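No experiment lies behind these values; they were computed from the predicted model shown.
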Amino acid sequence: ETEIRAQVEKEYDTLQMYRAMFERLTNETLPLRRHIAAEGQRLYNVMAYDIYHLLSDQQEEIQTEIDRTLALANYWIARSDLTYSVGGAL
């Protein structure tokens with residue numbers, strides 16, 4: 001029983017970690033990356049920014065999207081693991 005409780009607590013902590021990661025990426029990091037990429041595009045359009053900086057900004061935006069998607073996928077995996085451990089719906 002103690003082992004089961006420890007496993008459920010660990011899985012719950014994992015679930016909360018991925019949820020927090022997804023929310024942080026969605027609400028803070030991604031909007032900032034989008035703003036940086038848009039500002040870089042604006043600077044590039046007026047020839048105040050070189051293509052390498054622009055591509056780097058866009059690559060960071062895309063990587064943040066990938067990280068966000070992975071966090072969401074990991075959240076659902078952790079949720080299904082937790083659901084299985086508790087033997088029913090959460």
Side-chain angles (χ1 to χ4, degrees):
E1 182 178 316
T2 305
E3 291 177 20
I4 294 171
R5 182 181 301 257
Q7 179 182 353
V8 168
E9 288 175 358
K10 180 183 174 194
E11 289 174 355
Y12 180 76
D13 290 343
T14 301
L15 177 74
Q16 292 301 95
M17 177 191 67
Y18 285 122
R19 180 179 178 166
M21 185 183 301
F22 174 77
E23 288 176 350
R24 186 184 72 247
L25 287 167
T26 299
N27 298 328
E28 298 171 17
T29 309
L30 191 56
L32 180 61
R33 291 287 179 206
R34 286 179 178 158
H35 175 74
I36 290 169
E39 186 65 18
Q41 181 69 53
R42 188 188 69 76
L43 290 171
Y44 178 75
N45 288 343
V46 296
M47 299 178 147
Y49 215 43
D50 67 15
I51 188 71
Y52 300 108
H53 285 105
L54 177 63
L55 290 174
S56 176
D57 291 345
Q58 291 176 345
Q59 182 179 17
E60 289 175 8
E61 179 187 5
I62 291 167
Q63 186 60 52
T64 302
E65 286 277 4
I66 292 168
D67 293 344
R68 178 179 169 265
T69 303
L70 289 173
L72 182 60
N74 288 330
Y75 167 82
W76 283 107
I77 291 168
R79 185 176 170 101
S80 67
D81 289 344
L82 182 59
T83 301
Y84 179 77
S85 292
V86 299
L90 297 180

Original post:
Under the criterion salt bridge (charged side-chain N to carboxylate O under 4.0 Å, His left out), which of E61, E28, E60 is the partner of R33?
Top reply: E60
Subject >> E3 bridged to K10 by N-O distance under 4.0 Å >> reply: no
Rounded at 0.5 Å granularity, tell me how far [atom1] in [X] sits from [atom2] in [Y].
{"X": "Y12", "Y": "M17", "atom1": "OH", "atom2": "CE", "result": "13.5 Å"}
{"X": "T26", "Y": "E65", "atom1": "OG1", "atom2": "CD", "result": "8.5 Å"}
{"X": "R68", "Y": "L30", "atom1": "CZ", "atom2": "CG", "result": "6.0 Å"}
{"X": "N27", "Y": "F22", "atom1": "CG", "atom2": "CZ", "result": "8.5 Å"}
{"X": "D81", "Y": "W76", "atom1": "CG", "atom2": "CH2", "result": "13.0 Å"}
{"X": "D67", "Y": "N74", "atom1": "CG", "atom2": "CG", "result": "10.5 Å"}

Grouping I, L, V, M, F, W and Y whenever their side-chain heavy atoms are under 4.5 Å apart, do [X] and [Y] come out in a common cluster?
{"X": "L25", "Y": "L70", "result": "no"}
{"X": "M21", "Y": "L82", "result": "yes"}
{"X": "L15", "Y": "V86", "result": "yes"}
{"X": "I77", "Y": "I66", "result": "no"}

**OP:** Take Q58 and L54 through the side chain to side chain contact (heavy atoms under 4.5 Å, CB included) test and state the conclusion after the steps.
**Re:** CA-CA 6 Å; Q58 291 176 345; L54 177 63; 3.8 Å; yes
Original post:
Is it the case that more than 12 heavy atoms not belonging to Q41 sit under 6.0 Å from its CD atom?
Top reply: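 Enclosed: over 12 neighbouring heavy atoms sit under 6.0 Å from CD of Q41.
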Subject >> Derivation of the side chain to side chain contact (heavy atoms under 4.5 Å, CB included) call for L55 and I51 >> reply: CA-CA 6 Å; L55 290 174; I51 188 71; 3.9 Å; yes
Original post:
Which atoms form the tightest heavy-atom contact between Y18 and A71, and what is the distance?
Top reply: CB-O, 3.9 Å
Subject >> Partners meeting salt bridge (charged side-chain N to carboxylate O under 4.0 Å, His left out) with R19 (sequence neighbours left out) >> reply: E23
Original post:
Can you list the residues that meet the salt bridge (charged side-chain N to carboxylate O under 4.0 Å, His left out) rule with E39, with sequence neighbours excluded?
Top reply: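 R42.
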Subject >> Listed partners of Y44 passing ring-ring contact (aromatic ring centres under 6.0 Å, His included), at least two apart >> reply: none
Original post:
Taking atom types as modelled and ignoring hydrogens, do the side chains of R24 and T29 form a donor-acceptor contact shorter than 3.5 angstrom?
Top reply: no
Subject >> Donor + acceptor pair across side chains of E11, Q7 (<3.5 Å) >> reply: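 Yes, because at least one side-chain N or O of E11 sits under 3.5 Å from a partner of the opposite role on Q7.
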Subject >> Test log, rule side chain to side chain contact (heavy atoms under 4.5 Å, CB included), inputs E9 and R5 >> reply: CA-CA 6 Å; E9 288 175 358; R5 182 181 301 257; 3.7 Å; yes
Original post:
Got D57 and Y49 here, is their nearest side-chain heavy-atom distance under 4.5 Å?
Top reply: yes
